[in-house]
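Proteins get letters first, then strands, A, B, ... in listed order; numbering begins at 1 in each.
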There are 2 protein chains.
Amino acid sequence: MRVLKFAILGLLEQDKMTGYDIAAAFKGALGQFWSAKHSQIYPELKKLVVEELIAFETVIQGEKLEKKLYSLTAKGTAELMDWIQRVEAVNVSNKDEFMLKTYFIAAMDKQEAQQLFSNQLNSRQRKLEKLEQILTELEAEQKAPIHFSSPEFGHYLVLTRAIEREKGYIQWLERSLALME
Amino acid sequence: MRVLKFAILGLLEQDKMTGYDIAAAFKGALGQFWSAKHSQIYPELKKLVVEELIAFETVIQGEKLEKKLYSLTAKGTAELMDWIQRVEAVNVSNKDEFMLKTYFIAAMDKQEAQQLFSNQLNSRQRKLEKLEQILTELEAEQKAPIHFSSPEFGHYLVLTRAIEREKGYIQWLERSLALME
DNA sequence: TTAAAACATGTAACTAATTACATGTTAAGC
DNA sequence: GCTTAACATGTAATTAGTTACATGTTTTAA
């Protein structure tokens with residue numbers, strides 16, 4: 001369904017950028033819900049240029065380093081807007097290897113299961129801390145409270161969703177551990 | 001990383017089954033966290049037979065319908081146990097196309113965004129209802145309260161996780177809609 | 001009895017994504 | 001001045017996953 005295509009169009013709608021910048025964006029909050037490696041990004045950018053959804057200008061960085069600054073064409077903007085309004089069915093299977101193991105908990109003994117769950121709990125707690133720190137920084141940069149027209153609204157929503165996702169996971173892990181006592 | 005391989009080994013550890021049965025299992029609660037189409041399952045089963053992790057016996061259903069009942073070998077059980085205890089890193093990017101759109105909310109006008117969010121809220125609420133119904137049925141079948149040694153413990157944990165995941169998503173959608181007033 | 005839904009198994013073609021291979025420049029800190 | 005991290009761009013090979021093609025049997029309900 002070429003979601004990466006729209007991820008790239010959406011990022012370019014915000015700003016002109018290079019393939020490297022796009023890869024970097026996937027390392028931020030956005031990466032909690034979509035990401036791609038540079039080996040997938042560069043070929044996709046080439047494809048989008050052929051399809052005339054994006055265009056690039058070559059910029060020299062320093063002495064001789066050539067980088068390609070990509071931007072949306074009118075056609076690209078139109079396709080982005082079409083996708084963004086489209087109502088998609090909720091995707092059923094959000095793959096999660098830990099939950100797959102959980103389904104097979106009958107194959108573990110109690111200590112094993114507790115070990116696995118506390119370990120997961122620990123990882124999730126550390127992840128939550130990091131996300132909360134990023135949110136704190138984002139909020140500190142803001143003068144007024146964030147609202148619909150803030151340029152950071154999308155970033156803020158994605159971050160809060162990622163944080164609450166972790167909190168929910170953590171609560172479930174704790175309750176499951178309690179059930180195993 | 002061949003997670004499907006372990007999904008199949010895990011299912012066969014519970015019971016002998018056919019490829020069709022495995023596909024059916026992915027339509028239940030397990031499918032909330034892992035699934036595969038039959039076109040991926042059948043080749044994987046063949047591969048696992050070659051690797052001697054599973055074996056099958058041909059069974060005749062009715063007059064002449066041949067079906068293959070797969071079961072774990074000792075080698076398959078060993079590999080399953082090895083995987084199940086292994087501590088994996090928490091996977092970062094849990095892909096979610098709706099959250100990708102959310103990140104690009106600046107490209108929407110307010111009504112568009114509200115429309116999209118209420119629509120998603122609705123779908124998620126309907127999904128939650130279905131999951132809660134399945135849990136109610138599961139609990140009704142149980143005589144004693146579910147605990148670690150109940151054969152349905154894995155199923156129960158996965159279901160409660162799926163339900164809480166939806167509840168968290170719904171709460172976030174509602175709070176986000178409120179922010180857009 | 002007959003039609004539809006469920007059971008059952010496969011392959012082919014294609015798309016999506018990861019890992020590995022491959023190379024070079026620029027900026028920052030010591 | 002030198003080293004390291006970050007910036008920057010690509011391709012090749014492989015694996016994972018989806019959609020489409022292809023066929024046949026058995027059970028259930030009208």
Side-chain angles (χ1 to χ4, degrees), chain A residues 1-8 11 15-28 30-31 33-51 54 56-70 88-89 91-97 100, chain B residues 1-8 11 15-28 30-31 33-51 54 56-70 88-89 91-97 100:
Chain A
M1 209 264 181
R2 272 183 88 194
V3 182
L4 177 59
K5 164 179 155 179
F6 298 106
I8 291 174
L11 285 169
D15 219 340
K16 287 183 176 185
M17 46 178 104
T18 66
Y20 187 89
D21 294 331
I22 290 166
F26 289 135
K27 281 173 187 154
L30 174 59
F33 299 102
W34 207 271
S35 73
K37 315 276 181 186
H38 77 274
S39 55
Q40 199 186 358
I41 295 167
Y42 289 115
E44 186 66 35
L45 284 168
K46 288 204 161 178
K47 209 171 170 187
L48 291 170
V49 169
V50 171
E51 293 169 325
I54 65 175
F56 69 89
E57 40 173 332
T58 304
V59 170
I60 305 293
Q61 182 86 356
E63 276 305 283
K64 55 177 169 179
L65 178 65
E66 288 190 354
K67 59 179 190 180
K68 292 176 181 171
L69 259 189
Y70 290 92
E88 233 91 37
N91 56 323
V92 186
S93 170
N94 222 308
K95 293 192 172 182
D96 182 334
E97 197 174 338
L100 181 63
Chain B
M1 210 266 183
R2 275 183 85 195
V3 182
L4 177 59
K5 163 181 155 178
F6 297 106
I8 290 174
L11 285 169
D15 218 339
K16 287 184 177 184
M17 49 180 102
T18 65
Y20 187 88
D21 295 330
I22 290 165
F26 289 135
K27 281 172 187 156
L30 173 59
F33 299 102
W34 206 273
S35 73
K37 315 277 180 184
H38 77 273
S39 56
Q40 198 187 359
I41 295 167
Y42 289 115
E44 187 65 36
L45 284 169
K46 288 204 161 179
K47 210 172 168 187
L48 291 171
V49 170
V50 172
E51 293 169 325
I54 63 175
F56 70 90
E57 40 174 331
T58 303
V59 170
I60 305 293
Q61 182 86 358
E63 277 306 284
K64 55 178 169 178
L65 178 66
E66 288 191 354
K67 59 180 191 180
K68 293 176 180 171
L69 259 189
Y70 291 91
E88 234 90 36
N91 56 322
V92 186
S93 171
N94 221 310
K95 294 191 173 182
D96 183 334
E97 197 173 339
L100 182 62

- Letter by letter from the 5' end, nucleotides 21-30 of chain D scores (B base, S sugar-phosphate only, - none; protein heavy atoms under 4.0 Å) ----SS----

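Considering only residues two or more places apart in sequence or on other chains, B/D15 meets the side chain to side chain contact (heavy atoms under 4.5 Å, CB included) condition with B/M17. In this structure, A/Q40 has no side chain to side chain donor-acceptor pair (under 3.5 Å) partners at least two apart in sequence or on a different chain. Remark: B/K5 engages B/E79 in a side chain to side chain donor-acceptor pair (under 3.5 Å) (not counting sequence neighbours). B/Y20 is linked by a side chain to side chain contact (heavy atoms under 4.5 Å, CB included) to B/T18, B/Y42, counting only residues two or more places apart in sequence or in another chain. Residues satisfying the side chain to side chain contact (heavy atoms under 4.5 Å, CB included) criterion with B/K95, sequence neighbours excluded, are A/W34, B/S93. Applying the salt bridge (Lys or Arg N to Asp or Glu O under 4.0 Å) test to A/K16 and every residue at least two apart in sequence or in another chain returns A/E57. Annotation: salt bridge (Lys or Arg N to Asp or Glu O under 4.0 Å) contacts of B/E44 (sequence neighbours excluded): B/R2. Listed by chain and number, the residues in a ring pair (Phe, Tyr, Trp, His ring centres under 6.0 Å) with B/F56 are B/Y70 (sequence neighbours excluded).
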Can you name the atoms? Protein N/O to nucleotides 15-17 of chain D N/O, anything below 3.5 Å, with the distance.
from   : atom 1 : to    : atom 2 : distance (Å)
D/dA16 : OP1    : B/M1  : N      : 2.8
D/dA16 : OP1    : B/R2  : N      : 2.5
D/dG17 : OP1    : A/K95 : NZ     : 3.2
D/dG17 : OP2    : B/Q40 : NE2    : 2.9

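OP1 or OP2 of C/dT9 has at least one side-chain nitrogen or oxygen of B/T18 nearer than 4.0 Å. In terms of phosphate contacts, A/Y42 brings a side-chain nitrogen or oxygen within less than 4.0 Å of OP1 or OP2 of D/dT9. Side-chain N/O atoms of A/Y20 include none lying less than 4.0 angstrom from OP1 or OP2 on D/dT9.
A 4.5 Å side-chain heavy-atom check between A/F26 and A/L4 finds at least one atom pair inside the cut-off.
Note that the two end axes of the helix from C/dT1-D/dA30 to C/dC30-D/dG1 enclose an angle of 40°, each drawn from 5 base pairs, rounded to 10 degrees.
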Which pairs would a plain distance check flag for residues 60-67 of chain A, meaning a side-chain donor or acceptor within less than 3.5 Å of a matching protein atom at least two apart in sequence or in another chain?
from  : atom 1 : to    : atom 2 : distance (Å)
A/Q61 : OE1    : A/K67 : NZ     : 3.2

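Put simply, CZ on A/F56 is 16 Å from P on D/dA8, counting in whole angstrom units. One can place CD of A/E57 at 13 Å from P of D/dT9, the figure rounded to the nearest angstrom. For the pair B/L45 CG and C/dT11 C1', the interatomic distance rounds to 15 Å; values are reported in whole Å. The CG atom of A/D21 sits 15 Å away from the P atom of D/dA6 (whole-angstrom rounding). Taking atom NZ on A/K67 and atom C1' on D/dG10, their separation rounds to 17 Å, with Å as the unit. Rounded to an integer number of Å, the gap from NZ of B/K68 to P of C/dA8 is 14 Å. One interatomic measurement links the two molecules: CZ of A/F26 to C1' of D/dC7, which rounds to 18 Å at whole-angstrom precision.
Closest approach to the A/K46 side chain among D/dT9, C/dA8, D/dG10 is made by D/dG10 (side chain taken as heavy atoms from C-beta onward). Distance from the side chain of B/S39 is smallest to D/dA20 among D/dA20, C/dA8, D/dC7.
To the nearest 0.5 angstrom, A/E88 atom CD is 10.5 Å from B/L100 atom CG.
For the pair A/G19 and A/L45, the tightest heavy-atom approach, listed with the atom from each and the gap, is CA-CD1, 3.6 Å.
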